[in-house]
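No experiment lies behind these values; they were computed from the predicted model shown.
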Amino acid sequence: MSKYYLNYLDELESEAIYVLREVWAQFQNPVILFSGGKDSIVVTHLARKAFYPSKIPFALMHVDTGHNFPETIQFRDDLVERLGVRLLVGSVQKSIDDGRVAEEKGKNATRNALQITTLLDAIEEHKVDCAIGGGRRDEEKARAKERFFSHRDDFGQWDPKNQRPELWNIFNGKYFEGEHFRAFPISNWTEMDVWNYIAREGIAIPSLYFAHEREVVWRNNSWIPKSEHLIMEENEEVFTKKIRFRTLGDITITGGIESEADTVEKIAAEVSAMRQTERGNRSDDKRSETAMEDRKRQGYF
């Protein structure tokens, strides 16, 4: 009798595909939250495999802060055209213009928290009942509390103490009017798993992840890219460094690391030796010990 063995990447892939198919089976109008980062790209790739040869049945939803890396927006548009999927865009700038949110001021101002209102408005506008994200439990302690199916109340808020129990692989997606769910198919993956999977599958990713020369400013213990949105102080100096980014967010808050890793294989080798989490260079997560959980409770990704 022959035996069939799966390696660990096959097992993670199988689990994620199962979650994606459960989302499609249990919800009426799910979407993939797409940021242009590696995790949402991997989730989109998994959705493509889960429903092949059909097209991905989910629309991609992107919350555009107006402070994105230009490379990220270009990658997003190219991917949408290549896959032939629908793109839904929520605009933080429109939320500001409409008076829905107030923009922060000062050199450390960020639009990151403003995404919450824009996201919840977009979910309500498009009647989304499940938003699929690329969050992983190893990223941050608040994300470690998430379940595969994560319930949100009618205000879009998350209560980690009031979640549906998950018995083995039985998921409960029932919700009342006005509520919705978030789903996290790659919850059990690590950053190393993601890079090994990208290498195995040959998945295209934005050039920002590879080492490249860029003008940067040393701030909050990381290299912040110089841009039209960055408010400079008189004593700050601009350097040209060869850096790459481990995670992608707004250009004003995403710190780079000095690196020579210009291939996926070199990135994987570099990550394997690191002691700091990939969100360690995100200035928005340094505002307080509970910065991420506070945002998630309000409706963040």
Any donor-acceptor N/O pair, [X] side chain to [Y] backbone, under 3.5 Å:
| X | Y | result |
| --- | --- | --- |
| Asp262 | Phe210 | no |
| Asp64 | Val89 | no |
| Gln163 | Asp159 | yes |
| Thr254 | Ile251 | no |
| Glu104 | Thr110 | yes |
| Asp250 | Thr252 | no |
| Ser40 | Ser35 | yes |

[atom2] on [Y] to [atom1] on [X], rounded to 0.5 Å:
| X | Y | atom1 | atom2 | result |
| --- | --- | --- | --- | --- |
| Glu270 | Thr263 | CD | OG1 | 10.0 Å |
| Arg244 | Ser207 | CZ | OG | 12.5 Å |
| Ile253 | Thr247 | CD1 | OG1 | 9.0 Å |
| His45 | Leu83 | NE2 | CG | 10.5 Å |
| Met192 | Ile267 | CE | CD1 | 10.5 Å |
| Glu258 | Lys242 | CD | NZ | 11.5 Å |

I need the minimum non-hydrogen distance between [X] and [Y], along with the two atoms involved.
| X | Y | result |
| --- | --- | --- |
| Gly36 | Leu248 | O-CD1, 3.9 Å |
| Trp189 | Pro185 | NE1-O, 4.3 Å |
| Asp154 | Glu177 | CB-O, 4.4 Å |
| His126 | Asn29 | O-ND2, 2.7 Å |
| Ala102 | Leu114 | O-CD2, 3.6 Å |
| Phe148 | Ser187 | CE2-CB, 4.0 Å |

Please tell me if the side chains of [X] and [Y] come closer than 4.5 Å, counting only heavy atoms from C-beta onward.
| X | Y | value |
| --- | --- | --- |
| Ile186 | Tyr197 | no |
| Pro30 | Asp129 | yes |
| Arg111 | His229 | no |
| Asp39 | Glu139 | yes |
| Lys266 | Glu260 | no |
| Thr65 | Gln115 | yes |
| Val42 | Leu46 | yes |
| Pro206 | Phe245 | no |

Taking NZ, NE, NH1 and NH2 as the nitrogens, is one of them in [X] or [Y] under 4.0 Å from a carboxylate oxygen of the other?
| X | Y | answer |
| --- | --- | --- |
| Arg48 | Glu13 | no |
| Lys94 | Glu125 | no |
| Arg200 | Asp10 | yes |
| Glu233 | Arg219 | no |
| Arg136 | Asp138 | yes |
| Lys49 | Glu201 | yes |

- Query: Hey, what's the ring geometry for Phe58 with Phe51, parallel, tilted or perpendicular (30° and 60° as the breaks)?
  - Reply: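 Perpendicular: the ring planes of Phe58 and Phe51 meet at over 60°.
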- Task: Determine the interplanar angle of the Trp195 and Tyr209 rings, folded into 0 to 90°, and report it as parallel if under 30°, tilted if 30 to 60°, perpendicular if over 60°.
- Result: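 The arrangement is perpendicular - the two ring planes meet at more than 60°.
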- Query: With ring centroids as reference points, do Phe149 and Phe27 lie under 6.0 angstrom apart?
  - Reply: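 Yes; Phe27 has its ring centre under 6.0 Å from that of Phe149.
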- Task: Could you pull out all residues at least two apart from Arg137 that satisfy side-chain hydrogen bond (donor to acceptor under 3.5 Å, both in side chains)?
- Result: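 Only Asn188 meet the side-chain hydrogen bond (donor to acceptor under 3.5 Å, both in side chains) criterion with Arg137.
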- Task: Could you go through the side-chain contact (heavy atoms from CB on, under 4.5 Å) check for Asn68 and His62 one step at a time?
- Result: CA-CA 11 Å; Asn68 296 284; His62 179 222; 3.9 Å; yes
- Message: Before you tell me yes or no, could you show the steps for Phe171 and Val19 under side-chain contact (heavy atoms from CB on, under 4.5 Å), namely the whole-Å CA-CA distance, both residues' side-chain angles and the distance that decides it to 0.1 Å?
- Response: CA-CA 9 Å; Phe171 303 139; Val19 174; 3.9 Å; yes
- Decide if atom CZ of Arg100 counts as having more than 12 heavy atoms of other residues, nucleotides or ligands within a radius under 6.0 Å.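 Result for CZ/Arg100: open.
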- Query: Do other residues, nucleotides or ligands put more than 12 heavy atoms under 6.0 Å from Glu124 CD?
  - Reply: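 Not buried by this count: 12 neighbours or fewer within 6.0 Å.
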- Any side-chain donor paired with an acceptor under 3.5 Å for Thr190 and Asp193?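 The criterion, which ignores hydrogens and geometry beyond distance, is satisfied for Asp193 and Thr190.
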- Task: If a pair satisfies salt bridge (Lys or Arg N to Asp or Glu O under 4.0 Å) and one of its residues is in residues 73-83, list it, with sequence neighbours excluded.
- Result: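 Pairs touching residues 73-83 that pass the test: none.
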Taking [Y] as the starting point, is it possible to reach [X] by hopping between hydrophobic residues whose side chains are less than 4.5 Å apart?
| X | Y | answer |
| --- | --- | --- |
| Val217 | Ile231 | no |
| Val238 | Ile224 | yes |
| Ile73 | Val80 | no |
| Val264 | Tyr8 | yes |

- side chain to side chain donor-acceptor pair (under 3.5 Å) pairs, two or more places apart, involving residues 16-25: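 Checked against side chain to side chain donor-acceptor pair (under 3.5 Å) - neighbours excluded - the pairs reaching residues 16-25 are Glu22-Gln26.
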- Message: Please determine whether side-chain contact (heavy atoms from CB on, under 4.5 Å) holds for the pair Arg214 and Leu208, giving the CA-CA distance in whole Å, both sets of side-chain angles, and the decisive distance to 0.1 Å.
- Response: CA-CA 10 Å; Arg214 199 179 198 101; Leu208 297 163; 3.5 Å; yes
- Message: Applying side-chain contact (heavy atoms from CB on, under 4.5 Å) to Lys127 and Gln28, what does each step give before you reach the verdict?
- Response: CA-CA 9 Å; Lys127 295 180 172 54; Gln28 300 299 312; over 6 Å; no
